[in-house]
Amino acid sequence: MAFWQWIFLGNTLQNWAIALLTSIIVLVALSFVQRVLIRRLAAFAKKTTTDIDDIVAKVGMNTKLPLLAILSFYVGSLALTLPDQVTNWIGTIALIALLAQVALWGDALIACWLACYQEQHLKKDAASVTTIRALGFVIRLGLFAIIMLVALDNIPGVEVTALIGSLGIGGIAVALAVQNILTDLFASLSIALDQPFV
């Protein structure tokens, strides 16, 4: 029996080598594309007057190498024959890594939007900038809550429906307890955003 045909954990050494080589190639390709594209886009963004390319460059800079590594190893694991439970867990970990990366991109997008809004309106209307900052915190909180619930929903054996139900009941209880504070908060947001008077 040849060395590459030795069987380890249900796969030949050749299959393990192919999986490892695939993971490394995918990781190197993703990191290369991310670095080259972001650098070129950042250089291009300095020459233009629009904010969209600046935002895309800043969001792309928040791509994390460890999360790309997890996704790369998931792609490499597709070349192996593994038990169903192991395959499910590897897929779950890869999905959680992808969701974490999406959360980082979303957070960077919100931060860029807040920075652009502040730069444009700080001298004209400082009160609306403060309101938008508070609104940005609420949007970030909602983004991370949704990402967390989606990640928990995809973990085998975790039931999210009971958690969502208890959060709904807890939210109603908290809303009733701080009803006056929430009324004032939403009224101030409405005044700042609608600007019925100066």
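This is a predicted model, so every value here is computed, not measured. Only heavy atoms go into these numbers, but all of them, side chains included; no hydrogens, no water, no symmetry mates.
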Worksheet item: So, do W105 and T63 sit near enough that their side-chain heavy atoms are less than 4.5 Å apart?
Response: yes

Worksheet item: Hey, are the side chains of S31 and L65 touching, using non-hydrogen atoms and a 4.5 Å cut-off?
Response: yes

Item to complete: Report yes if the side chains of L98 and L67 come closer than 4.5 Å at any heavy-atom pair, otherwise no.
Response: no

Discussion item. Taking Y74 as the starting point, is it possible to reach L21 by hopping between hydrophobic residues whose side chains are less than 4.5 Å apart?
Written reply: no

Worksheet item: If Ile, Leu, Val, Met, Phe, Trp and Tyr residues are connected whenever their side-chain heavy atoms lie under 4.5 Å apart, and connections chain through other members, are L114 and V138 in the same group?
Response: no

Item to complete: Please tell me if the side chains of I25 and T22 come closer than 4.5 Å, counting only heavy atoms from C-beta onward.
Response: no

Practice prompt. Please check if the side chain of Q101 supplies one atom and the backbone of N62 the other of a donor-acceptor pair under 3.5 Å.
Written response: yes

Worksheet item: Any side-chain heavy atom of D153 within less than 4.5 Å of one from L149?
Response: no

Worksheet entry | Verify same cluster id: L143, V102 (apolar side-chain graph, 4.5 Å) | yes

Discussion item. Please determine whether residues I146 and L95 belong to a single hydrophobic cluster, defined as Ile, Leu, Val, Met, Phe, Trp and Tyr linked transitively by side-chain heavy-atom distances below 4.5 Å.
Written reply: yes

Worksheet item: Is the closest side-chain heavy-atom distance between S72 and L30 below 4.5 Å?
Response: yes

Discussion item. Would you say L104 ends up clustered with I147 if hydrophobic residues are merged whenever their side chains have heavy atoms under 4.5 Å apart, either directly or through other cluster members?
Written reply: no

Worksheet item: Under the side chain to side chain contact (heavy atoms under 4.5 Å, CB included) criterion, do I90 and I93 qualify, and how do the steps go?
Response: CA-CA 5 Å; I90 291 174; I93 292 170; 5.8 Å; no

Discussion item. Under the criterion side chain to side chain contact (heavy atoms under 4.5 Å, CB included), I'd like the reasoning laid out for I70 against I96: C-alpha separation, chi angles, the key distance, then a yes or no.
Written reply: CA-CA 10 Å; I70 293 173; I96 290 173; over 6 Å; no

Practice prompt. Check whether any side-chain heavy atom of V150 lies under 4.5 Å from a side-chain heavy atom of N154, and answer yes or no.
Written response: yes

Worksheet item: Does F137 CZ have over 12 foreign heavy atoms under 6.0 Å away?
Response: no

Worksheet item: Which residue, I110, L109, D107, forms the side-chain contact (heavy atoms from CB on, under 4.5 Å) with I139?
Response: I110

